Amino acid sequence: MKQEMVDRIKNDPDFIHLVKTRSKFAWTLTIVMLVIYFGFVLTIAFDPSILGTPLSAGSVTTVGIPVGVGVILSAFILTGIYTRRANGEFDELTAKIKSKAKGE
Amino acid sequence: MKALLLALFSVAAFAGEALSGAVEKQPLNMSAIIMFLIFVGATLGITYWAAKRTKTAKDFYTAGGGITGFQNGMAIAGDYMSAASFLGISALVYGKGYDGLIYSIGFLVGWPIILFMVAEQLRNLGKYTFADVASYRLQQTPIRTLAAFGSIVTVILYLIAQMVGAGKLIQLLFGLDYEIAVILVGVLMILYVTFGGMLATTWVQIIKAFLLLSGATFMAIAVMAHYNFNFETLFATAVQIKETASIMAPGKLVSDPISAISLGIALMFGTAGLPHILMRFFTVSDAKEARKSVFYATGFIGYFYILTFIIGFGAIVMVFQNPQYLDLAKQAVDGGYPILGGDNMAAIHLSHAVGGDFFLGFISAVAFATILAVVSGLTLAGASAISHDLYASVIRKGKADGMMEMKVSKVATVVLGIIAIYLGIAFEEQNIAFMVGLAFAIAASANFPILFLSMYWSKLTTRGALLGGSLGLLTAAVLVVLGPTVWVDVLKNAEAIFPYKYPALFSVSAAFIGIWFFSITDKSENSKKEIEAFEAQNIRSQTGIGAEGAVEH
């Protein structure tokens with residue numbers, strides 16, 4: 001990539017906007033995932049009995065079952081949320097930056 | 001009882017990935033062998049088809065970059081769902097209940113992080129291997145060498161674990177000799193990779209993922225159908241049979257916060273540093289497909305772990321204490337209810353309990369196919385590190401001819417295959433439970449920090465990456481050796497020098513701090529150029545301008 005093109009793209013407001021919004025979005029989702037997972041394992045490490053509580057009086061199923069399955073589902077849902085926004089909004093913005101970089 | 005405890009302990013130590021312990025050879029299983037032969041025939045057919053389409057180095061390494069996001073997601077899942085994770089995690093659930101779920105979740109949560117942090121950047125910057133990205137603006141020779149070394153070590157450790165698991169599993173399932181099983185796996189893997197390259201490897205992964213998911217779905221549905229699809233009834237029956245409600249709550253798997261965090265870091269960053277996984281992102285055409293790949297892969301893998309949880313409980317209610325699967329000889333000595341072939345066979349016995357001999361044959365064949373697919377992906381990644389990073393970039397300084405590079409890659413595949421067969425046989429009687437753990441620790445402590453910082457930190461320099469990455473690698477290796485899995489379990493010392501089973505928290509920190517320190521104190525001329533080059537790299541990383549495209553066939 002030529003320096004001239006680098007300078008042009010890096011000063012493109014769309015590029016600045018893309019990098020800023022996407023990084024913020026990606027970091028937010030990363031932190032959500034880390035909080036969910038480490039919240040889960042640290043709960044187990046500090047007090048395993050919380051997840052061992054029965055769901056309702058007399059049931060064998062414990063709170064841990066829906067929580068564990070919930071962690072699995074959250075991972076899938078978070079990837080879905082990111083992919084949807086990135087493949088739509090962010091890719092449109094990228095296409096705009098690219099065509100400007102080529103066109104001008 | 002002591003033997004049982006020991007067996008359970010080794011299961012907990014990354015045995016989700018590594019089958020270990022002594023097994024007995026079983027009688028020849030004909031329906032399994034026939035179904036396996038059909039699989040081998042079909043995959044060799046695909047290899048022949050792929051070989052005709054594999055003409056250039058790009059075809060060989062990345063299947064021409066034309067795999068779709070859905071296909072790649074399936075192939076990634078195929079790479080990740082090893083036979084040992086299928087049998088090992090269901091065995092862990094079978095033995096300890098809820099702990100199996102905790103363990104499997106750790107293997108899943110790395111995927112969202114890969115998507116948010118590295119997937120599209122990797123696709124935009126790289127060509128064939130993750131070292132392309134790590135060395136993008138740094139000096140080729142030292143960084144490629146370190147990255148290739150990290151890749152090859154990870155691949156070989158993982159391969160040994162898979163080969164030993166394969167030999168034992170095939171002994172159990174098919175009644176073949178251990179050596180024959182290992183040689184068979186090695187030879188088929190060499191054929192797929194040398195002739196069919198990434199295209200054949202990808203389709204072997206896809207077919208295997210489909211078969212494994214179908215088989216596991218059938219088993220889970222068959223189990224649930226017995227209990228009118230009511231989980232409460234299934235769990236209640238399991239608790240009644242096991243005579244303890246402890247299987248419904250967290251047990252001893254995660255006991256102290258340091259281990260919990262360290263295991264989490266090893267699994268998350270380790271997954272994001274496995275060369276055979278990272279390589280899969282170069283098989284799709286662009287960042288859009290790379291993202292879709294992770295989305296589908298996370299779905300398939302998550303679904304698979306939910307299935308293995310149901311299968312584990314299914315095995316408790318249908319296999320545990322079932323006289324048909326009881327190992328009477330072992331019971332006479334140790335008491336309890338040991339099953340034939342050990343806990344790792346829980347899912348296999350369950351397949352017989354729900355679907356008879358035919359379905360047992362099917363699941364056995366799928367387990368074998370699974371091993372083949374995983375070792376093929378690993379070998380291809382190892383061979384690429386040798387040919388693309390070491391041969392083409394370090395030895396020939398980027399001036400290698402594509403055809404020659406591909407030839408080197410094929411020779412490397414054959415050599416790696418032979419090494420894998422040799423080490424697979426050499427390690428038959430060894431305790432290899434630590435190997436996958438070590439592979440993840442090294443991937444997390446050397447490969448991932450360099451890759452991640454090369455993408456995000458403009459001040460990274462060659463010196464920082466080289467010294468910090470090496471520090472991470474060494475710390476991981478030394479702490480694993482001094483820790484309980486090697487110092488006590490393998491070397492038979494009374495007490496571990498380093499108390500934690502998973503060193504990642506310490507070794508990953510060492511790598512990041514090392515890279516940071518040796519980069520900011522690097523005042524060389526070269527480092528200034530490397531920092532300046534970040535801007536252009538970042539634009540390509542963010543937008544894909546200048547990225548490798550797909551080729552038309």
Side-chain angles (χ1 to χ4, degrees), chain A residues 1-3 5-7 9-10 15 18-19 22-23 25-30 32-34 36-38 40-46 48-55 59-65 68-69 71-76 78-80 82-84 86-87 90-91 94 97-98 101-102, chain B residues 69 98 101-102 104-106 108-109 111-113 115-117 120 231-233 235-236 238-240 245-246 248-251 253-261 263-264 268 286-288 291-292 294-299 301-303 305-306 309 535-540 542-546:
Chain A
M1 209 179 296
K2 290 207 181 82
Q3 190 55 42
M5 183 134 131
V6 170
D7 291 333
I9 296 174
K10 93 173 173 200
F15 177 75
L18 172 75
V19 173
R22 186 170 53 200
S23 315
F25 189 53
W27 279 108
T28 310
L29 292 180
T30 302
V32 171
M33 188 73 249
L34 292 176
I36 291 175
Y37 176 68
F38 284 108
F40 176 67
V41 286
L42 288 178
T43 306
I44 295 165
F46 283 112
S49 65
I50 298 175
L51 293 179
T53 324
L55 262 185
S59 78
V60 177
T61 312
T62 51
V63 178
I65 304 291
V69 174
V71 176
I72 293 180
L73 290 179
S74 74
F76 180 59
L78 289 175
T79 58
Y82 181 82
T83 305
R84 199 185 151 86
N87 281 5
F90 296 150
D91 270 0
T94 308
I97 297 163
K98 275 187 187 174
K102 267 188 227 157
Chain B
Y98 193 73
L101 185 65
I102 303 173
S104 61
I105 287 172
L108 184 70
V109 291
W111 287 102
I113 311 294
L115 173 66
F116 308 148
M117 292 289 140
E120 55 194 274
F231 281 99
E232 175 70 20
T233 326
F235 295 145
V239 167
Q240 204 183 0
S246 68
M248 299 307 298
L253 182 78
V254 182
S255 43
D256 67 294
I258 301 281
S259 297
I261 293 173
L263 175 65
M268 267 185 197
D286 53 24
K288 197 189 272 298
R291 295 181 199 114
K292 280 191 205 162
V294 189
F295 171 65
Y296 289 121
T298 310
I301 297 168
Y303 173 64
Y305 289 151
I306 292 175
F309 187 63
E535 229 168 37
Q537 178 197 314
N538 190 41
I539 287 172
R540 173 162 161 178
Q542 298 281 356
T543 63
I545 294 174

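Worth knowing before you read on, the calculation uses all heavy atoms, side chains too, and leaves out hydrogens, waters and symmetry mates. From a predicted model like this one, the values you see are computed outputs, not experimental measurements. In what follows, every chain begins at residue 1, and chains take the letters A, B, ... in the order their sequences are listed.
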Atom [atom1] of [X] and atom [atom2] of [Y]: how far apart are they, to the nearest 0.5 Å?
{"X": "B/Arg291", "Y": "A/Asn87", "atom1": "CZ", "atom2": "CG", "answer": "5.0 Å"}
{"X": "A/Met33", "Y": "B/Met268", "atom1": "CE", "atom2": "CE", "answer": "6.0 Å"}
{"X": "B/Thr543", "Y": "A/Phe15", "atom1": "OG1", "atom2": "CZ", "answer": "6.5 Å"}
{"X": "A/Ile65", "Y": "B/Phe309", "atom1": "CD1", "atom2": "CZ", "answer": "3.5 Å"}
{"X": "B/Glu232", "Y": "A/Leu55", "atom1": "CD", "atom2": "CG", "answer": "8.0 Å"}

Report yes if some heavy atom in the side chain of [X] is under 4.5 Å from a heavy atom in the side chain of [Y]; otherwise report no.
{"X": "A/Tyr82", "Y": "B/Val294", "value": "no"}
{"X": "A/Val41", "Y": "B/Ile105", "value": "no"}
{"X": "B/Leu108", "Y": "A/Tyr37", "value": "no"}
{"X": "B/Lys288", "Y": "A/Thr94", "value": "no"}
{"X": "B/Gln240", "Y": "A/Val60", "value": "no"}
{"X": "B/Ile102", "Y": "A/Phe40", "value": "yes"}
{"X": "A/Met5", "Y": "B/Ile545", "value": "yes"}

Nearest heavy atoms of [X] and [Y], plus distance in Å:
{"X": "A/Ala26", "Y": "B/Phe116", "value": "CB-O, 3.5 Å"}
{"X": "B/Met248", "Y": "A/Thr61", "value": "CE-CA, 4.1 Å"}
{"X": "B/Pro250", "Y": "A/Gly52", "value": "CD-N, 4.2 Å"}
{"X": "B/Pro112", "Y": "A/Thr79", "value": "CA-CG2, 3.7 Å"}

Of the backbone (N, CA, C, O) and the side chain (C-beta and beyond), which part of [X] lies under 4.5 Å from a heavy atom of chain A, both, or neither?
{"X": "B/Tyr296", "answer": "neither"}
{"X": "B/Ala236", "answer": "both"}
{"X": "B/Tyr98", "answer": "side chain"}
{"X": "B/Ile113", "answer": "side chain"}

What part of A/Asp91 gets closer than 4.5 Å to chain B, counting heavy atoms only: side chain, backbone, both or neither? side chain
Note: vs chain A, highest number of non-hydrogen pairs under 4.5 angstrom among B/Asn538, B/Asp286, B/Ile261 is B/Ile261
Go through the structure and list residues passing side chain to side chain donor-acceptor pair (under 3.5 Å) with B/Thr233, not counting sequence neighbours. B/Asn230
Side chain to side chain donor-acceptor pair (under 3.5 Å) with B/Glu535: which residues, sequence neighbours excluded? A/Lys10
Which of the residues A/Leu18, A/Ile50, A/Leu78, A/Ile44 is involved in the greatest number of heavy-atom pairs with chain B at under 4.5 angstrom? A/Ile44
Option from B/Leu101, B/Ile301, B/Val109, B/Thr298 for which side chain to side chain contact (heavy atoms under 4.5 Å, CB included) with A/Ile72 holds: B/Leu101
